[in-house]
Amino acid sequence: MTMPISSAQVKSASLDVVLAILWLGMMSVTIIESDFYRYAALLLMGLTLAYRRPPLRANSSDWLAILCVAWGAFALVRFLFGLIVDGEKGASEWLYAFAIFFPAMGMALHASWHLVRPILLAFFCCALIFLIVSTPYSVLLAGERISPGFNHNSIHGAVGCGFLFIGAFYWALHQWETGSSTRTKSIVSAIALAVIGIAIFNVYGAKSKGVWIALLPAVALMFASTLFYLRRKTVLLAAIGGLVILSWGTYEVRGNIAHFGASTFESVMGIAGRLESGVSVEHAMQDAISSPDTPPSLDERLQLWANAIDVISVSPAFGSGNGWLAIWQTTPYRGVTYTLMHNGYLEILIRYGFVGLAILAVIVLSGIYRVYRASAAGIISRSAFACHLTFAIYFAVTILSNSNNRLAIGESYALLFAATCFACSMKLRSAAVADGRDGSTFNGGSSIPQPVQG
């Protein structure tokens with residue numbers, strides 16, 4: 001006899017579908033560059049608070065949640081003060097106030113925890129379809145530059161494809177680690193391999209040297225996590241085989257890579273050589289900017305970085321807030337085309353100085369540590385933590401040569417990074433309470449809860 005379905009169950013299932021779509025929207029920036037993730041984030045938090053009734057006190061005594069909210073509030077107040085009092089609006093200053101939403105994003109993910117598996121399946125299926133449709137294969141094979149996916153330029157698309165490459169790898173690895181059924185492993189592995197192959201193909205076609213470099217430590221971590229976390233002969237052989245194929249492919253297109261990257265590499269090595277010989281950073285950059293051998297893209301970055309160093313020197317401890325653009329007009333290369341620093345760390349330093357950079361570093365490192373603790377407690381798989389860590393390192397390297405933290409993909413990643421951190425925090429706290437403790441060790445102690453499944 002079939003049990004009747006209540007209206008409450010229908011509403012809950014409908015809400016699950018809406019939440020899943022919104023989470024897909026949060027991740028869609030890897031392929032389609034838009035501001036939809038912002039609306040998705042607001043709806044995720046709003047719907048969770050309205051209908052899922054998460055424990056609001058869960059983060060009230062959490063020092064990291066308090067720090068995030070305090071930092072976001074400070075950034076917002078400083079932006080408004082500069083705008084209203086000084087008449088300086090800066091450039092994208094308000095984005096740093098997003099930290100206010102970090103704990104709430106964690107509550108939203110915690111409430112959607114049971115949807116993660118189908119969301120990832122739907123996401124990578126959609127990603128594969130979009131990659132197949134959007135990839136200009138003939139242009140790629142001709143060795144010309146492309147803009148992957150539906151992004152505003154090639155660099156943004158390359159960064160997104162790097163995330164897809166890393167994510168698909170660990171998604172497949174997770175199935176082997178957790179002992180999924182043979183059918184599930186086969187389906188996931190097939191989708192993941194297709195995504196990995198086309199994503200890497202697009203990264204090569206984008207000709208973004210910064211992403212190429214960022215993928216080096218990412219690939220090393222991927223290989224290491226396979227070697228140390230999952231010592232199954234089949235998976236190890238597959239990982240080694242993939243590494244061999246990637247190395248062979250890189251060797252085959254070495255001429256094209258050299259064509260697009262050799263001049264930049266030589267210029268960077270030249271600057272490094274001058275610094276080693278005792279030349280100051282300022283003079284080494286000036287010489288490179290004036291040299292006709294410096295590639296245009298690097299030349300522009302050096303001008304931006306030289307200007308940024310001048311702005312930072314005005315207020316190195318706390319930064320110049322909204323007023324940095326006024327100081328920018330006094331810098332030697334103020335005529336450079338734009339004021340996007342092409343370096344995420346300089347973006348932070350000119351606005352909030354080394355104190356601000358240190359606070360954000362504490363938030364990031366604490367977030368990584370908490371996800372590690374969740375992995376150690378058995379709340380998430382070791383593959384999931386390795387993915388979280390690899391994403392963080394990959395993104396940290398990409399912002400050395402591009403201001404991805406001011407782009408849609410960086411903002412979306414920051415919200416998803418924080419959501420993972422605080423969702424794991426709530427799971428750890430719940431595990432501590434279930435284990436007969438009050439969870440107080442979570443906020444300051446080193447005690448790890450007993451492994452739980454989730």
Side-chain angles (χ1 to χ4, degrees), residues 5-62 64-66 68-69 71-73 75-76 94-127 130 163 167 171 363 367 370-371 374 379-380 384 388 391 408-430 454:
I5 300 175
S6 67
S7 59
Q9 289 175 313
V10 172
K11 288 181 180 178
S12 179
S14 300
L15 181 59
D16 280 348
V17 172
V18 173
L19 293 176
I21 292 172
L22 292 174
W23 284 115
L24 289 172
M26 286 292 300
M27 297 185 286
S28 67
V29 292
T30 52
I31 304 171
I32 305 171
E33 189 171 9
S34 73
D35 290 334
F36 177 72
Y37 75 93
R38 293 179 182 172
Y39 311 113
L42 291 173
L43 286 170
L44 280 167
M45 292 183 286
L47 290 172
T48 299
L49 290 172
Y51 296 106
R52 287 291 157 86
R53 310 245 174 129
L56 296 177
R57 290 187 176 183
N59 295 315
S60 61
S61 60
D62 183 347
L64 185 57
I66 295 170
C68 288
V69 173
W71 167 262
L76 182 60
W94 54 274
L95 296 177
Y96 295 90
F98 274 25
I100 290 175
F101 302 124
F102 286 176
M105 286 298 294
M107 288 189 284
L109 181 57
H110 183 265
S112 303
W113 197 266
H114 61 292
L115 300 173
V116 171
R117 189 182 297 267
I119 287 172
L120 288 177
L121 177 61
F123 172 72
F124 283 111
C125 286
C126 291
F130 277 109
F163 274 120
W171 180 49
I363 292 173
R370 289 193 175 187
V371 178
I379 292 169
I380 62 172
H388 187 73
F391 275 160
I409 195 165
E411 295 163 22
S412 175
Y413 169 66
L415 290 169
L416 290 169
F417 175 93
T420 305
C421 161
F422 284 106
C424 285
S425 298
M426 295 176 72
K427 288 286 184 182
L428 281 165
R429 190 178 293 107
S430 298

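One-based numbering along the sequence shown.
- Taken to the nearest 0.5 Å, the OG atom of S112 stands 12.5 Å off from the CE atom of M107.
- For the pair T48 (side chain) and M45 (backbone), a donor-acceptor distance under 3.5 Å is absent.
- Scored by the salt bridge (charged side-chain N to carboxylate O under 4.0 Å, His left out) test, R52 finds D16 as partners (sequence neighbours excluded).
- For S412 (side chain) and V29 (main-chain N/O), no donor-acceptor pair under 3.5 Å exists by modelled atom type.
- Between F101 and V69 there is no side-chain heavy-atom pair separated by less than 4.5 Å.
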Practice task
Evaluate the criterion side chain to side chain contact (heavy atoms under 4.5 Å, CB included) for residue pair R370 and F422; output intermediate values, then yes/no.
Solution key: CA-CA 8 Å; R370 289 193 175 187; F422 284 106; 4.2 Å; yes

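- Annotation for W23 and A419: closest pair CH2-CB, 4.3 Å, computed over non-hydrogen atoms.
- For the residue pair A408 and S34, the shortest heavy atom distance occurs at CB-O, 3.6 Å.
- Judged as a salt bridge (Lys or Arg N to Asp or Glu O under 4.0 Å), the pairs with a partner in residues 32-43 (not counting sequence neighbours) are, in order, R38-E411.
- For F391 and F163, the ring centers sit closer than 6.0 Å to each other.
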Practice task
Quick one: do W113 and I380 satisfy side chain to side chain contact (heavy atoms under 4.5 Å, CB included)? Show the steps, please.
Solution key: CA-CA 11 Å; W113 197 266; I380 62 172; 3.7 Å; yes

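- Checked against a 6.0 Å centroid threshold, the rings of H388 and F417 count as neighbours.
- For the atom pair CG of L19 and CD1 of I119, the computed distance is 8.0 Å after rounding to the nearest 0.5 Å.
- Proximity of R429 to D62: side-chain heavy atoms (C-beta onward) are separated by under 4.5 Å at one or more points.
- Between L43 and V18, every side-chain heavy-atom pair lies at or beyond the 4.5 Å cut-off.
- The shortest heavy-atom contact between L415 and A41 is CD1-CB, 4.0 Å.
- To the nearest 0.5 angstrom, L109 atom CG is 11.0 Å from C421 atom SG.
- Separating the SG atom in C68 from the CD1 atom in I363 is a distance of 4.0 Å, to the nearest 0.5 Å.
- Once rounded to the nearest 0.5 Å, the distance linking CG of L115 with CD1 of I21 reads 11.0 Å.
- Taking CG from L44 and CG from L49, the interatomic distance works out to 10.5 Å, rounded to the nearest 0.5 Å.
- A pairwise comparison of heavy atoms in G25 and F36 identifies CA-CE2, 3.5 Å as the closest pair.
- Scanning all heavy atoms of the two residues, the minimum distance from H114 to A111 falls at CE1-O, 3.3 Å.
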